[in-house]
Amino acid sequence: MENEIEPVMRGTLPFLSLALVLSLCILISPASVSATQDIPAYRVLQYDLQSSHFGSRQSAFSADARSLDADLLLRKCVFSRLEEVNEEEIFNAIANETSAFIVLVPNLRFPSKANKEKIMQLERAIIRREVTIPTYLTEENTSTKELYEQIKSTTTSLSDRSTSVLLKNAFFGTGYHIVVSGSQPKPLPDLVFHNIQARIRASVPAKNGPTPVVAFVAHYDAIGLAPALSFGTDSNGSGVIALLELARIFSSLKKKNDLTYNVMFLLTSGGKLNYLGVKKYLEERLDESDDSFQRSLAGAVCLDTIGRGDMMYLHVSKVPKDGSFGQIFLENLQNLTSSGKRKVSLKTKKINLSDDFLAWEHERFNIRRLSGLTLSSVESHLSAERSTISDVSIDYPALIENIKLIAEATSRQIFMGEVSLERLEGTESSLKKLSSILSTSPRSNEYLVGSKVSLVATIEDLLKKRSGNDVKTFQFKVDKKDKEVVLYDTHEVTMTVYETKPAAIDLIISILIAGYIFVVYTFIDNTEHTTFCPKKL
């Protein structure tokens with residue numbers, strides 16, 4: 001009697017069994033690529049100025065991750081901690097045709113003092129240079145630190161050339177592949193910038209000639225390694241706060257004292273873009289047929305990074321002439337600081353028009369043969385503290401004293417008789433409130449351009465409340481075709497990290513499955529020629 005198994009083997013059961021086993025093999029086999037996590041990251045700034053390129057020029061990439069000490073970085077993505085990185089390492093990576101560079105920064109929003117120094121080193125290397133590869137910052141937290149350790153371990157293992165390690169890597173090693181998808185950065189459309197002007201008019205106009213004007217100027221934008229992290233609390237948030245406070249003080253003093261000057265307050269955009277805002281403002285005013293602005297401006301006092309220390313530097317292009325506004329203002333400052341620990345020092349620096357960037361905002365006035373100076377707590381225009389994402393704090397007592405000093409020195413010159421600032425000084429809480437308002441969003445220029453910008457409207461309202469209703473906002477447009485300034489998009493991205501397995505694993509699984517299919521096929525094929533006989537008991 002034929003074995004009853006034979007009809008079964010010729011039916012559908014073998015094929016169902018085969019499909020089931022194949023499915024199980026696929027399910028239990030390790031995937032060669034699997035998504036592990038998404039990481040938010042901040043792209044390093046990118047901009048063009050007068051056709052010169054600065055910052056990171058790329059954003060999208062797809063590459064295997066390696067730590068900075070890898071033997072070979074060609075077409076790899078460097079995943080490094082901040083403490084390992086310096087200027088030389090970045091540009092060596094670029095020279096070795098690395099695909100991307102990612103830096104882990106602990107406490108990215110409020111870094112420690114040591115990390116601030118490291119960040120500023122990177123900023124000195126990148127902000128004023130062109131970087132040809134995608135470069136990102138990301139927060140160092142538990143998950144990213146663990147990922148770094150795994151990538152570091154993988155890199156170390158790949159550097160080991162012993163036979164046992166090579167075999168282990170070939171069959172059981174784990175790698176990581178990082179992807180930032182999307183198109184490459186695009187220039188922002190026609191850029192609309194905003195200058196905000198307020199006036200407090202003299203109560204005693206000049207009898208002969210135009211009433212003199214003193215202008216207080218501060219740019220309200222910021223710059224740092226990543227636009228999305230550039231809040232510029234001191235540079236130049238402190239300058240903006242000081243200007244707002246001076247508007248409030250002089251407006252209050254005018255109610256009881258005779259003001260002999262017109263006082264102008266000018267908040268400019270594009271300060272970190274070679275003082276573009278004040279340049280456009282002066283071009284517009286000086287191109288007018290009426291030359292009253294040029295004849296009436298006694299001097300411009302630019303406020304830049306004044307929220308720290310006991311030392312105030314008065315920066316000028318040349319020593320002010322005797323009897324000029326600048327000379328009298330300097331003399332008042334020095335007299336007020338002759339005793340006590342707060343000091344004022346005069347710093348002269350000639351304008352170098354061959355440089356890509358002017359040193360200070362007052363140089364824009366000097367180029368147009370107008371009197372101007374800059375007050376700053378910073379001794380050198382090259383200080384990294386003026387252009388860093390780590391600029392997140394102000395010494396409020398120092399800022400209060402600096403504002404008081406500027407107000408007293410100016411009031412001696414623009415009001416008739418003696419004036420008292422008693423009860424007019426700002427409080428630490430009021431200044432902190434202003435700083436908090438200015439830090440509601442990044443103040444990199446990429447976030448401040450457009451026909452309507454909420455922060456610009458907020459600043460305009462703050463100035464109006466302090467100086468009165470004589471406030472105007474002037475818009476100017478920069479066409480990207482002119483290439484005077486080009487800003488780019490793609491500031492915040494999501495990096496997808498994939499865990500990868502060696503191709504040898506896929507090969508082994510494929511061989512096993514092929515062998516299994518061959519055995520089952522042979523077994524089924526043989527049943528067509530085999531007769532099963534039951535054993536006799």
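What's counted below: heavy atoms across the whole structure, side chains too, no hydrogens, waters or symmetry copies.
Here the options are Glu484, Glu361, Glu284, the test is side-chain hydrogen bond (donor to acceptor under 3.5 Å, both in side chains), and the partner is Lys279; only Glu484 passes. Each of Ser235, Ser387, Ser230 was evaluated against Lys272; a single residue qualifies, Ser235, per the side-chain hydrogen bond (donor to acceptor under 3.5 Å, both in side chains) test. Applying side-chain contact (heavy atoms from CB on, under 4.5 Å) to Ile127 and the options Leu45, Val44, Thr388, Leu122 leaves one that passes, Leu45.
Inter-residue side-chain proximity for Gln58 and Ile133 is flagged as unmet; no heavy-atom pair is nearer than 4.5 Å. In this structure, the side chains of Leu246 and Arg466 stay at 4.5 Å or more apart for every pair of heavy atoms. Residues Gln121 and Glu87 fail the side-chain proximity criterion, which asks for heavy atoms closer than 4.5 Å. Put simply, the side chain of Leu373 does not reach to within 4.5 Å of the side chain of Leu330, judged on heavy atoms. Between Leu297 and Phe365 the shortest side-chain heavy-atom distance falls below 4.5 Å. With a 4.5 Å cut-off on side-chain heavy atoms, Ser317 and Glu363 count as touching. The closest side-chain heavy-atom distance from Leu333 to Met312 is not below 4.5 Å. Residues Val344 and Leu405 meet the side-chain proximity criterion, which asks for heavy atoms closer than 4.5 Å.
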Show me the donor-acceptor pairs, under 3.5 Å and distance only, between side chains in residues 394-404 and residues at least two apart or in other chains.
from	atom 1	to	atom 2	distance (Å)
Asp395	OD1	Ala398	N	3.4
Tyr396	OH	Ser435	OG	3.3
Asn402	OD1	Arg342	NH1	2.8
Asn402	ND2	Ile306	O	2.7
Asn402	ND2	Ala398	O	3.3

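Taking the centre of each ring, Phe357 and His381 stay at or above the 6.0 Å mark.
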Inset, instruction - Would you please test Tyr447 and His491 for side chain to side chain contact (heavy atoms under 4.5 Å, CB included) and show each step? - result: CA-CA 10 Å; Tyr447 292 87; His491 311 126; 3.7 Å; yes
Inset, instruction - Run the numbers on Leu421 and Leu253 for side chain to side chain contact (heavy atoms under 4.5 Å, CB included), then give the verdict. - result: CA-CA 8 Å; Leu421 298 185; Leu253 286 174; 3.6 Å; yes
Inset, instruction - Show the numbers, then the answer: is there a side chain to side chain contact (heavy atoms under 4.5 Å, CB included) between Ile367 and Leu353? - result: CA-CA 9 Å; Ile367 288 171; Leu353 295 176; 3.7 Å; yes
Legend entry - Intermediate values then yes/no, side chain to side chain contact (heavy atoms under 4.5 Å, CB included), Tyr136 and Ser59: CA-CA 9 Å; Tyr136 289 93; Ser59 61; 3.4 Å; yes
Legend entry - Chi angles and distances behind the side chain to side chain donor-acceptor pair (under 3.5 Å) call for Ser338, Asn335: CA-CA 5 Å; Ser338 59; Asn335 289 337; 5.9 Å; no
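Ionic pairing of Arg57 and Asp48 is present here: one or more N-O contacts between side-chain nitrogen and carboxylate oxygen are shorter than 4.0 angstrom. Between Glu379 and Lys347 there is a salt bridge, with a side-chain nitrogen of the basic residue lying less than 4.0 Å from a carboxylate oxygen of the acidic one. For Arg128 and Asp356, the salt-bridge test fails: no basic side-chain N is under 4.0 Å from an acidic carboxylate O. Contact check on Lys477 versus Asp190 returns a salt bridge, with a Lys/Arg side-chain nitrogen under 4.0 Å from an Asp/Glu carboxylate oxygen.
Ring pair Tyr281/Phe293 is perpendicular by interplanar angle, where above 60° counts as perpendicular and below 30° as parallel. Taking the six-membered ring where the residue is Trp, Tyr313 and His315 present tilted rings, their angle falling between 30° and 60°.
Taking CG of Leu286 as the start and CZ of Arg368 as the end, the distance is 4.5 Å to the nearest 0.5 Å. Note that the CG atom of Leu314 and the OG atom of Ser345 stand 9.0 Å from one another [nearest 0.5 Å]. The CD1 atom of Ile351 sits 13.5 Å away from atom CH2 of Trp360, with the distance rounded to the nearest 0.5 Å. Atom OG in Ser430 sits 5.0 Å away from atom CD in Glu245 (nearest 0.5 Å). Between Phe231 atom CZ and Ser441 atom OG the span is 7.0 Å, to the nearest 0.5 Å. From Lys432, atom NZ reaches atom CD1 of Ile437 across 14.5 Å, with rounding to the nearest 0.5 Å.
Under a 3.5 Å cut-off, the side chain of Asn236 and the backbone N or O of Thr305 do form a donor-acceptor pair. Between the side chain of Arg43 and the backbone N or O of Ala228 there is no donor-acceptor pair closer than 3.5 Å. Of the possible donor and acceptor atoms, one in the side chain of Arg443 sits under 3.5 Å from a partner among the backbone N and O of Tyr220. Not one N or O on the side chain of Arg386 forms a donor-acceptor pair closer than 3.5 Å with the backbone of Ser380. Side-chain atoms of Asp234 come within 3.5 Å of backbone atoms of Gly307 as a donor-acceptor pair (strictly under, hydrogens ignored). Remark: the backbone N or O of Pro40 is paired with a side-chain donor or acceptor of Thr138 at under 3.5 angstrom. Looking only at distances, no side-chain donor or acceptor of Asn262 sits under 3.5 Å from a matching main-chain atom of Val213. Within the 3.5 Å criterion, the main-chain N or O of Met416 finds no donor-acceptor partner in the side chain of Asp258. Listed for the Thr348 side chain is no donor-acceptor partner under 3.5 Å among the backbone atoms of Val319. With Thr473 contributing its side chain and Ile196 its backbone, the two residues share no donor-acceptor pair below 3.5 Å.
Judged purely by distance below 3.5 Å, without hydrogens or angles, the side chains of Asp461 and Thr458 never pair a donor atom with an acceptor atom. Between the side chains of Thr98 and Asn96, not a single donor N or O lies within less than 3.5 Å of an accepting N or O. Residues His194 and Ser269 have side chains that never bring a donor and an acceptor to within less than 3.5 angstrom of each other.
Taking all atoms of both residues into account, the shortest heavy-atom contact from Asn195 to Gly277 is ND2-O, 2.9 Å. For the residue pair Thr135 and Val131, the shortest heavy atom distance occurs at OG1-CG1, 3.6 Å. Nearest heavy atom pair, residue Lys321 against residue Gln327, reads O-CB, 3.0 Å. Pairing each heavy atom of Gly270 with each of Asn445, the nearest pair is N-OD1, 3.3 Å. The heavy-atom pair separating Tyr261 from Leu259 by the smallest distance is O-CG, 3.1 Å. The shortest non-hydrogen separation linking Phe101 to Ser80 is CE2-CB, 4.5 Å.
Counting non-hydrogen atoms of other residues, nucleotides and ligands closer than 6.0 Å to CG of Asp355 gives a total above 12. Heavy atoms from other residues, nucleotides or ligands lying under 6.0 Å from NZ of Lys433 number 12 at most. Annotation for Glu492: atom CD counts as buried by contact number, over 12 foreign heavy atoms lying within 6.0 Å.
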